[in-house]
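The structure under discussion appears below in the form of structure tokens.
Chain naming here is simple, since letters A, B, ... match the order of the sequence lines and numbering starts at 1 in each.
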There are 2 protein chains.
Amino acid sequence: MKKQSTIKDIAKRLNISISTVSRALKNAPDVSNETKNAVMSVAEELHYQPNRLAVSFRVKQTNTIGVIVPNLDYVLSTMVKGIDEVALEAGYTVMVCQSNESFGREVLNTSRMLQSLVDGLIISVSSETKTFDHIKKFVERDLPIVAFDRIVPEIIAPNVILDNEYAGYLATEHLIEQGYKNIAILAGPKNLGISNARMDGYLKAHKENNLKVDQKNIIHCDFNQDYAYFATKELLKSKNRPDAIFTISDRMAIGAMIAIKERGLKMPTDIGLIGFNNEPMLSLLTPTISSIEQPMFEIGKMAAKIFIERLHSEDNSNVTTEILKPRLIIRESSKRKMI
Amino acid sequence: MKKQSTIKDIAKRLNISISTVSRALKNAPDVSNETKNAVMSVAEELHYQPNRLAVSFRVKQTNTIGVIVPNLDYVLSTMVKGIDEVALEAGYTVMVCQSNESFGREVLNTSRMLQSLVDGLIISVSSETKTFDHIKKFVERDLPIVAFDRIVPEIIAPNVILDNEYAGYLATEHLIEQGYKNIAILAGPKNLGISNARMDGYLKAHKENNLKVDQKNIIHCDFNQDYAYFATKELLKSKNRPDAIFTISDRMAIGAMIAIKERGLKMPTDIGLIGFNNEPMLSLLTPTISSIEQPMFEIGKMAAKIFIERLHSEDNSNVTTEILKPRLIIRESSKRKMI
DNA sequence: TACGTAACCGGTAACGCTACCGGTAATTCC
DNA sequence: GGAATTACCGGTAGCGTTACCGGTTACGTA
């Protein structure tokens, strides 16, 4: 381990005090330009790199922001890229950790980060997360938190999320408008907020169109292709089989698609299908699959923006929820009306 | 900012010295069990959390390992998950940064990390990276480095990579074995190691089978669906059009597929196609597309394993290159021989 | 001439923790 | 019974940096 040069070295070299060097380095007003220049050039010469650890320790600020996500799939990794974008811009380093959808892992990550490693947290909670004590610890320490994608109780932290209800509404409304009348929804786990909100939109669209909802058309299953496959298979067996399916993720849509094809049904004529997230592959399948697109990058940027605002403001009592709008992407799988 | 309790608080509470508390907390042998228990319980009571920043500063070790990747696509994010896995296991925190394939961003990230934030670096360099001074700085400071996925000159750091030449060989050999004779390759940028290695395998397979390579069948283009699409379109126009295409990424395979379909050619009869990475969507396309699978998770784990070994060993002069084997996944797009 | 005021700069403490040295009391050994 | 060993524990320095409080010099101003 070669010795890193410090401000002390610079001071010794110039026969000035370390405090002057420190001030010169940060361009303080009470240092003459002459000494500033001298310091700068010696710093250059010695390849001086400030020891961020020492600084952070001293000023109790790390200038890094912790990001915890359940995984790094298409959606989340794009959101993280958004966070990265504005964080870097603002001079912060981002520390990304994955919880792997595990509550324990999430708690571990938060507690490690809490040990003075980060100035705050931007988090998308795992699907297992039901309690929020680990997050409250940040609040108690007055460290800003913002939640994104997956919601967290508002008392605890501001949220940046998609308008999931509207998204569900949009998808369902589109199917109804295309003449589908017996629409099933492959929802996520029963108590997952993100899933329920999308289902609310589904219900709302039915109500507005005076269609009644068959409870058998509401399927709760895991966010997962295989589950969706089996669920769809079951659905299609029933005598009053649905004529359209709305899945709350594209992966689930794929599972549904496979079951539909196996059954020999044609999309969109026999049955309609619409997914969620608009992953790029959807336009490559036959038929191409409709989906709901969310502004992932913007959600990430917004989360980081709010985070940094809170970091710089004294009063963080106002906890807001930022809701971004989705967009409906119509493709072959759900478009049976010709214009 | 509520005051965090420190070992000083614990010491005061028990009327013992801070050094004893420090030792008790880390279960040192020269502290009686009695005081250890007392310390532990008071620590619990005060919600004591060690200040990792102070510790890291003091012992000049952060216990975090920096990871820099060009992006977080399917392949890289799985590799990162592998790194995460063994790092967490070994008690390290992982700090992931994206360079967005930008050299400038990569340098920025490395230099920030170098400011005593990490104990070393696991990196997959950006495609723009041609010089390695920013990485050498780690070496100069005796901080371990390991490169993965994208290779780095061996003098600088050990590598963990796929056997790209063998992968290229495997794909090409398979196409030849299926009776294709005029095989094109959509390679990456001209000076990208990863791409050239795969091309070497392509050449080797030809040589071994006494097929000569038509230079017009070697196309260099960006790692990108659109480029691949246009390149393929051109290829298919030529009078002696290829009867098979090997692309060095799945995204490129998709681009090629679209061009092939547009041209009205059937896979695998008219033309064969094989991609690279085995992204999950390939099995959903019609036809399903063959590909080369790399052990992503294992590469990540291996990189982290080697990294940690180097962290703990004194002598890091032996710089190795770990080469993992790919696997050929045969699907419809390239299988025209019935058995 | 005396004094106020900039303009600079230096000294020191402190952040929380650990490493090291040294000390005391109790126990063991010949 | 004296020396050596063991089992604990305390004091202190210091990691690199910044914040704070002073101090010195030079220059105006009355």
Side-chain angles (χ1 to χ4, degrees), chain A residues 1-40 42-43 46-64 112 114-119 141-142, chain B residues 1-40 42-43 46-64 112 114-119 141-142:
Chain A
M1 180 84 72
K2 209 173 283 176
K3 188 77 173 314
Q4 204 43 15
S5 52
T6 71
I7 54 170
K8 215 186 233 167
D9 299 323
I10 302 179
K12 215 175 292 172
R13 184 73 155 265
L14 290 170
N15 268 319
I16 58 178
S17 77
I18 56 166
S19 32
T20 305
V21 176
S22 171
R23 272 168 304 180
L25 250 11
K26 58 175 40 155
N27 204 19
D30 54 350
V31 177
S32 71
N33 285 323
E34 197 181 352
T35 51
K36 268 181 197 171
N37 291 332
V39 167
M40 290 302 181
V42 175
L46 298 182
H47 300 109
Y48 170 74
Q49 286 270 98
N51 185 330
R52 261 184 83 180
L53 224 49
V55 177
S56 295
F57 171 54
R58 178 67 236 257
V59 305
K60 295 179 186 325
Q61 260 218 58
T62 60
N63 259 268
T64 72
R112 282 206 187 163
L114 195 59
Q115 298 175 8
S116 301
L117 293 185
V118 300
D119 290 346
R141 288 264 302 273
D142 259 332
Chain B
M1 180 82 71
K2 210 172 281 175
K3 189 72 175 320
Q4 203 46 11
S5 53
T6 72
I7 54 170
K8 213 186 236 167
D9 299 323
I10 302 180
K12 215 175 293 172
R13 183 73 154 264
L14 290 170
N15 267 319
I16 58 178
S17 78
I18 57 166
S19 33
T20 305
V21 176
S22 171
R23 271 169 302 181
L25 250 11
K26 60 174 39 156
N27 206 19
D30 56 349
V31 178
S32 70
N33 284 324
E34 198 180 353
T35 51
K36 268 180 196 170
N37 291 332
V39 167
M40 291 301 182
V42 174
L46 298 182
H47 299 110
Y48 171 74
Q49 286 269 100
N51 186 331
R52 261 184 83 178
L53 224 49
V55 177
S56 295
F57 171 54
R58 178 66 237 256
V59 305
K60 295 182 187 322
Q61 260 219 57
T62 61
N63 260 270
T64 70
R112 283 207 185 163
L114 195 59
Q115 298 175 4
S116 301
L117 294 185
V118 300
D119 290 346
R141 288 264 302 272
D142 258 332

Residues B:Arg13, B:Leu46; criterion side chain to side chain contact (heavy atoms under 4.5 Å, CB included); working and verdict: CA-CA 10 Å; B:Arg13 183 73 154 264; B:Leu46 298 182; 3.3 Å; yes
A:Leu117 vs A:Thr64, side chain to side chain contact (heavy atoms under 4.5 Å, CB included): CA-CA, chis, key distance, verdict: CA-CA 8 Å; A:Leu117 293 185; A:Thr64 72; 5.7 Å; no
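Taking for each of A:Lys26 and B:Ser17 the nucleotide of DNA chain D with the nearest heavy atom, the 5'-most of the two is the partner of B:Ser17.
In this structure, the aromatic ring of B:Phe57 is not positioned over the six-membered ring of the base of C:dC17 within 5.5 Å between centres and 30° between planes.
In this structure, the CG atom of B:Asn27 is 15 Å from the P atom of D:dA7, given to the nearest Å. Taking atom CD1 on A:Ile18 and atom C1' on C:dG10, their separation rounds to 10 Å, with Å as the unit. Put simply, NZ on A:Lys12 is 15 Å from P on C:dG10, counting in whole angstrom units.
Considering only the side chain of A:Ser19, C:dG10 comes nearest among D:dG16, C:dG10, C:dA19. With C:dG16, C:dC9, D:dG16 as the candidates, the nucleotide lying closest to the side chain of B:Ala54 is C:dG16. Distance from the side chain of B:Arg23 is smallest for D:dC9 among the nucleotides D:dA19, D:dC9, C:dG10.
Heavy atoms of B:Asn51 sit under 4.0 angstrom from primed sugar atoms or phosphate atoms, though from no base atom. If you check every strand for non-hydrogen atoms under 4.0 Å, B:Ser32 touches sugar and phosphate atoms only. When heavy atoms are screened at a 4.0 angstrom cut-off, A:Thr6 is found touching the sugar-phosphate backbone but no base atom. B:Ile16 comes within 4.0 angstrom of sugar-phosphate atoms only, judged by non-hydrogen atoms across all strands, and of no base.
Under a 3.5 Å cut-off, the side chain of A:Ser56 and the backbone N or O of A:Gln61 do form a donor-acceptor pair. Under a 3.5 Å cut-off, the side chain of B:Arg52 and the backbone N or O of B:Thr62 do form a donor-acceptor pair.
Taking 4.0 angstrom as the limit, B:Ser116 places none of its side-chain polar atoms (N or O) nearer than this to OP1 or OP2 of D:dG16. When the side-chain nitrogen and oxygen atoms of A:Tyr48 are compared with OP1 and OP2 of D:dT17, one or more of them lie within a distance under 4.0 Å. When the side-chain nitrogen and oxygen atoms of B:Lys60 are compared with OP1 and OP2 of D:dG16, one or more of them lie within a distance under 4.0 Å. Using a 4.0 Å cut-off, no side-chain N or O of B:Thr35 falls inside it from OP1 or OP2 of D:dC8. Side-chain N/O atoms of B:Thr20 include one lying less than 4.0 angstrom from OP1 or OP2 on D:dG10.
Counting distance only, with no hydrogens placed and no angle test, the side-chain atoms of A:Arg52 and the base atoms of D:dG16 include no donor-acceptor pair under 3.5 Å.
Side-chain contact, A:Ser19 with A:Ser22: no donor N or O sits under 3.5 Å from an acceptor N or O.
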